[in-house]
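Report on the structure given below.
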Amino acid sequence: MVRQFNDFAEAYPWSWSAAAMDEWTTYLIAELHRSESTIRGYQTAIRQFCDYITSPHYLWPQECERRFGTHPVQICHEWNTAGHLVDYEGKAGRRPMTREEIQLFLDYADDQVDRAIRLGRKGALAAYRDATVFKVIYGWGLRCTEASKLDINDWYRNPKAPELGRFGSFHVRYGKRSKGSPPRRRTVLSVDALGRGSGRRLRHQDPPSLPCRGRDGSVAH
């Protein structure tokens, strides 16, 4: 991102200005049609880089002054950068899926597993994994990063739902972080059907009737 801004400004960091940031933001909006959240992410990257090169701890201002007769300054301010003012910044035309649409989507994911097995093609295990991930994300309301960081050992018992065994809840270790803080942790409780389904998938990590080929090429179910 620093290189992209450097190419746009056609100047080295010790010659950057707030005006160049204004022009770059206008370019991102008017020509590249970037979303507000994307633009804020770009600006944050430049702000953090400017914090680094203007910090007295690293002596870059003094070094630039000695070599080039000028020094870098912070070019990202409240008045020329996008602020994070609302929780949701998606487009108004994007609506959440209905329950019927979600059910069709999950059924389609399951059908891909059956299709791969029926045709004897590779990819049944990957399709089974994907279908499981989709259900975990939807069933427990996880963000993509939270789901990607889950581990089997994150499952815990829920004393109020002993019938679910060790799948009564799980510990999210990589929740959305606040500014300057580590990832938040939280515990998400399982409902009956989700807990039982998760236990079944973890005990049988291969999809049912997944064909296995031996070294001689024979297929065993």
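Remember, it's a predicted structure, so these values are computed and weren't measured experimentally.
- With rounding to the nearest 0.5 Å, the separation of CG in L28 from NE2 in H33 is 11.5 Å.
- Of all the heavy atoms in Y174 and T145, the pair that sits closest is O-CG2, 4.4 Å.
- Between F105 and F134, the ring centre distance stays below 6.0 Å.
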Item to complete: Test L150 against F170 for side-chain contact (heavy atoms from CB on, under 4.5 Å), laying out the working first.
Response: CA-CA 9 Å; L150 287 178; F170 67 76; 3.8 Å; yes
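- Judged as a salt bridge (Lys or Arg N to Asp or Glu O under 4.0 Å), not a single pair has a partner in residues 3-16 (not counting sequence neighbours).
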Can you give me every donor-acceptor pair (side chain of residues 43-61, partner residue at least two apart or in another chain, under 3.5 Å) with its distance?
residue : atom : partner : partner atom : Å
Q43     : OE1  : A82     : N            : 2.8
Q43     : NE2  : T25     : OG1          : 3.0
T44     : OG1  : R40     : O            : 2.8
R47     : NH2  : T81     : OG1          : 3.0
D51     : OD1  : Q74     : NE2          : 2.7
Y52     : OH   : W60     : NE1          : 3.2
T54     : OG1  : C50     : O            : 2.6
S55     : OG   : H57     : N            : 3.2
S55     : OG   : H57     : ND1          : 3.0

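- Here the CZ atom belonging to R99 is positioned 13.0 Å from the CD atom belonging to E101, to the nearest 0.5 angstrom.
- The hydrophobic clustering, which links ILVMFWY residues whose side-chain heavy atoms are closer than 4.5 Å, places L32 and M1 together.
- Y42 is listed as a side-chain neighbour of R34, based on a closest heavy-atom distance under 4.5 Å.
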Worked check of side-chain contact (heavy atoms from CB on, under 4.5 Å) between R115 and L119 = CA-CA 6 Å; R115 181 174 181 272; L119 299 178; 3.9 Å; yes
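- Salt bridge E146/R184: absent, no basic N to carboxylate O contact under 4.0 Å.
- Cluster annotation: M97 and L106 are assigned to the same hydrophobic cluster (Ile/Leu/Val/Met/Phe/Trp/Tyr, side-chain heavy-atom contacts under 4.5 Å, transitive).
- In summary, the side chains of T38 and S35 do present a donor paired with an acceptor at a separation below 3.5 Å, with no hydrogens or angles considered.
- No donor-acceptor distance shorter than 3.5 angstrom exists from the side chain of R66 to the backbone of C64, with no hydrogens or angles considered.
- A single hydrophobic cluster is seen to contain both F68 and Y12, as judged by linkage of ILVMFWY side chains at heavy-atom distances under 4.5 Å, directly or through other members.
- By the side-chain hydrogen bond (donor to acceptor under 3.5 Å, both in side chains) test, H77 pairs with no residue at all, sequence neighbours left out.
- For A147, the side-chain contact (heavy atoms from CB on, under 4.5 Å) partners are I137, L142, not counting sequence neighbours.
- Under the 4.5 Å side-chain heavy-atom criterion for ILVMFWY residues, no single connected hydrophobic cluster contains both L189 and W155.
- Remark: the backbone N or O of R185 is not paired with any side-chain donor or acceptor of R173 at under 3.5 angstrom.
- Placement of Y27 and I39 within a single hydrophobic cluster is found when ILVMFWY residues are connected by side-chain heavy-atom separations under 4.5 Å, directly or transitively.
- A donor-acceptor pair under 3.5 Å is absent between the side-chain atoms of D110 and the main chain of Y128, judged by distance alone.
- Partners of D22 by side-chain hydrogen bond (donor to acceptor under 3.5 Å, both in side chains), not counting sequence neighbours: none found.
- Taking the side chain as every heavy atom from C-beta outward, F8 and E23 approach each other to under 4.5 Å.
- Qualifying ring pair (Phe, Tyr, Trp, His ring centres under 6.0 Å) partners for F5, counting only residues two or more places apart in sequence or in other chains: W16, W24.
- Between N6 and P13, the closest heavy-atom pair is OD1-CD, 3.6 Å.
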Checking side-chain contact (heavy atoms from CB on, under 4.5 Å) for the pair R166/Y156: CA distance, chi angles, key distance, verdict?
CA-CA 5 Å; R166 60 170 290 225; Y156 292 93; over 6 Å; no
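- By the 4.5 Å heavy-atom criterion applied to side chains, V188 and S169 are not counted as neighbours.
- Residue L125 holds its CG atom at 9.5 Å from CD1 of I117, rounded to the nearest 0.5 Å.
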